[in-house]
*Asks:* 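Handing you this structure, nothing more for now.
Just so it is clear: chains get the letters A, B, ... in the order the sequence lines come, proteins before strands, and each one is counted from 1.
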2 protein chains.
Amino acid sequence: MQPGRRSRAVPGASPRRTVSLPSSDEASDAATHRLSLYLRALARSEADGRRVTSSDDMARATGVKPALVRKDLAHFGQFGIRGVGYEVRGLRTRIAAILGLDRDHNVVIVGAGNLGTALADYRGFNTGGFRTIALIDNDPKKIGGRSRGGVPVRSVRDLAGLVQKSGVDLAVLAVPAESAQRALDQVAAAGVRAVLNFVQGRLKTRPGVHVRSVDLKIHLEGLTYRLARAWRRAGSRAVR
Amino acid sequence: MQPGRRSRAVPGASPRRTVSLPSSDEASDAATHRLSLYLRALARSEADGRRVTSSDDMARATGVKPALVRKDLAHFGQFGIRGVGYEVRGLRTRIAAILGLDRDHNVVIVGAGNLGTALADYRGFNTGGFRTIALIDNDPKKIGGRSRGGVPVRSVRDLAGLVQKSGVDLAVLAVPAESAQRALDQVAAAGVRAVLNFVQGRLKTRPGVHVRSVDLKIHLEGLTYRLARAWRRAGSRAVR
DNA sequence: TAGATTGTTAATCGATTAACAATC
DNA sequence: TAGATTGTTAATCGATTAACAATC
């Protein structure tokens with residue numbers, strides 16, 4: 001119903017339904033999160049030498065219900081064999097491809113402060129096909145240096161060149177709050193299409209640039225909410 | 001009209017509903033997340049000198065729809081005045097209390113590696129009532145030292161004493177994957193009831209101990225999924 | 001009073017779960 | 001064949017949105 005959505009038939013175009021289901025198979029963040037969990041379970045199974053697994057196995061390994069495992073997998077194709085299960089190696093390869101993990105990804109981290117530098121040297125950011133190739137900062141005292149793990153600190157003026165030359169897919173924002181929007185605009189202008197943002201606050205982005213925000217303080221507040229709730233309940237029980 | 005709804009007057013029983021709604025008001029993680037967003041919007045409003053705000057204002061500031069703002073707030077009480085709006089200062093205080101932010105919270109971080117040390121010195125973990133009072137590690141070379149920001153590194157043997165003496169509410173896990181379960185068990189045994197976990201993998205916990213996990217790599221994978229999807233769509237368009 | 005804005009109810013939407021026919 | 005396990009359909013659940021009466 002969006003005005004402007006092209007529904008006009010292009011002469012010569014074959015009668016496909018590409019327009020009617022333009023983004024139908026878009027998986028939710030919750031679903032892709034589960035795919036990552038399945039992938040890890042499959043990696044463990046493979047390491048254990050197992051050839052075949054089942055939705056029940058994977059459910060046990062991930063905490064997801066078996067029916068949902070099957071539903072998630074069926075969403076992307078028919079990967080299993082009825083009565084038998086799923087072939088571990090093959091399924092692992094397919095899921096990795098779906099998640100874009102069939103190739104390596106270079107990462108730049110904008111902001112060579114505490115958090116940025118730690119992330120540059122962090123295992124979780126530099127294994128499984130991910131590699132931090134540079135920290136970006138505009139402090140002349142930092143530029144030209146390296147993190148303890150050896151990641152070079154470069155000027156923001158090198159950003160676009162780096163993205164072109166080294167093929168950077170992902171940027172991480174770990175700058176002060178007041179610089180976040182500018183940093184995002186710069187990495188987007190340099191051609192980066194996916195950004196993991198650790199800075200608090202709303203960011204405006206443009207279509208085609210995927211931003212995912214992790215607000216560490218909000219996670220702490222989610223926990224203090226549970227604590228406060230437990231205390232209130234305990235307190236009112238005691239008073240009653 | 002519901003069958004089974006107790007309408008029968010029990011002789012002598014006072015007419016309370018305490019039993020019928022024992023944990024009814026448990027808010028989802030999504031809802032508490034929005035509460036944190038509202039709190040920040042209110043802090044900005046207050047800093048701007050505004051006395052009164054509305055669900056429309058807060059919606060604009062947070063990206064949440066106005067109807068949902070009202071629903072969230074109404075869930076915790078009647079905070080607004082019809083036809084007028086919400087009193088900024090008062091609402092801010094109430095939400096802070098709901099989130100347990102009407103008191104300070106001491107934090108210990110288990111694991112004085114890259115990530116743990118960075119978090120100890122990270123602003124987001126040491127403002128707004130949160131304070132990291134110690135890093136815990138079992139490397140003798142680290143124990144007795146301090147982070148760059150001055151947070152002392154202590155032995156795990158000091159953990160229980162620290163929790164008792166200083167009143168630690170929150171623990172952060174930033175240890176290697178193979179130590180995570182043990183670290184969780186130790187902080188729980190020491191009396192900590194809320195844990196923010198940065199380690200990949202499932203953890204077993206016991207009732208009353210709240211664990212929230214942040215898996216940084218899964219966030220990267222969520223982004224590469226979007227990238228892969230965009231490439232596939234672009235590719236199939238080009239091929240077509 | 002007229003206009004504004006809440007609190008609440010009903011409608012909608014999307015995600016999860018349960019059940020089971022298909023099929024190895 | 002009998003038993004196992006998938007892929008899919010229908011039922012359930014929970015969260016969001018829309019609409020509006022209450023009320024300042």
*Asks:* Main chain of B:L35, side chain of A:Y225: is a donor-acceptor contact present, judged purely on distance under 3.5 Å?
*Replies:*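 Absent.
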*Asks:* Among residues 42-65 of chain B, which residues get a heavy atom nearer than 4.0 Å to DNA chain C?
*Replies:*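 Output list: B:S54, B:S55.
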*Asks:* Rounded to the nearest 0.5 Å, how far apart are OG of B:S45 and CZ of B:R92?
*Replies:*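 Spacing of OG (B:S45) from CZ (B:R92) equals 10.0 Å.
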*Asks:* Test side chain to side chain contact (heavy atoms under 4.5 Å, CB included) on A:L119 and B:L216 and set out the steps.
*Replies:* CA-CA 10 Å; A:L119 292 173; B:L216 298 177; 3.9 Å; yes
*Asks:* With a 4.5 Å limit on heavy-atom distance, are the side chains of B:R229 and A:T32 in contact?
*Replies:*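 No; the side chains remain at least 4.5 Å from each other.
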*Asks:* Measuring from atom CG of B:N126 to atom OG1 of B:T132, what distance do you get when rounded to the nearest 0.5 angstrom?
*Replies:*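 Rounded to the nearest 0.5 Å, the CG-OG1 separation comes to 3.5 Å.
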*Asks:* Tell me: CZ of B:R82 to C1' of C:dA2, nearest whole Å?
*Replies:*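 Atom-to-atom, B:R82 to C:dA2, this comes out as 18 Å.
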*Asks:* Rounded to the nearest Å, what distance is computed from the CD1 atom of residue A:I81 to the C1' atom of nucleotide D:dT6?
*Replies:*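 In whole Å, D:dT6 C1' and A:I81 CD1 are 10 Å from each other.
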*Asks:* Name the pairing partner of C:dT23, where a pair is Watson-Crick or G-U wobble with both distances under 3.5 Å, or state none.
*Replies:*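 Pair assignment: C:dT23 / D:dA4.
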*Asks:* Please confirm whether the shortest side-chain N or O distance from A:Y86 to OP1 or OP2 of C:dC24 is below 4.0 Å.
*Replies:*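 For A:Y86, the contact criterion (side-chain N or O under 4.0 Å from OP1 or OP2 of C:dC24) is not met.
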*Asks:* Can you tell me if B:R212 has over 12 outside heavy atoms packed within less than 6.0 Å of its CZ?
*Replies:*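 It does: B:R212 CZ has more than 12 such atoms within range.
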*Asks:* Measure from CG on A:D72 to C1' on C:dT17 and round the result to the nearest Å.
*Replies:*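 So the two atoms are 12 Å apart, to the nearest Å.
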*Asks:* Take the angle between the ring planes of B:H105 and A:W231 and call it parallel below 30°, perpendicular above 60°, tilted in between.
*Replies:*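 Because their plane-to-plane angle is under 30°, the rings of B:H105 and A:W231 count as parallel.
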*Asks:* Where along nucleotides 9-14 of chain D does protein come under 4.0 Å, by heavy atom, of base (B) or sugar-phosphate alone (S), with - for untouched nucleotides?
*Replies:* B-----
*Asks:* Looking only at side-chain N and O atoms, does A:K217 offer a donor or acceptor that is under 3.5 Å from a partner on B:S36?
*Replies:*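 Checked: B:S36/A:K217 side chains show no N/O donor-acceptor pair below 3.5 Å.
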*Asks:* Of the options A:D29, A:T62, A:D72, which is the one that meets A:R34 in a side-chain hydrogen bond (donor to acceptor under 3.5 Å, both in side chains)?
*Replies:*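 The residue from A:D29, A:T62, A:D72 that satisfies side-chain hydrogen bond (donor to acceptor under 3.5 Å, both in side chains) with A:R34 turns out to be A:D72.
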*Asks:* Starting from P on D:dA15, measure out to NE2 on B:H33 and report it in whole angstrom.
*Replies:*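 In whole Å, D:dA15 P and B:H33 NE2 are 16 Å from each other.
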*Asks:* From CD of A:E26 over to C1' of C:dA15, roughly how many Å is that when rounded to an integer?
*Replies:*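 Atom CD in A:E26 sits about 15 Å away from atom C1' in C:dA15.
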*Asks:* Taking atom C1' of D:dC24 as reference, at what distance in whole Å does atom CD of B:Q78 sit?
*Replies:*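 Atom CD in B:Q78 sits about 13 Å away from atom C1' in D:dC24.
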*Asks:* Counting only Watson-Crick or G-U wobble pairs whose two distances fall under 3.5 Å, which nucleotide matches C:dA10?
*Replies:*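 Partner of C:dA10: D:dT17.
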*Asks:* C:dA18 P sits how many Å from A:L68 CG, rounded?
*Replies:*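 Those two atoms, CG and P, are 11 Å apart.
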*Asks:* What is the separation between atom CZ on B:R70 and atom P on C:dT5, rounded to the nearest whole Å?
*Replies:*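 Spelled out: CZ on B:R70 to P on C:dT5 is 10 Å.
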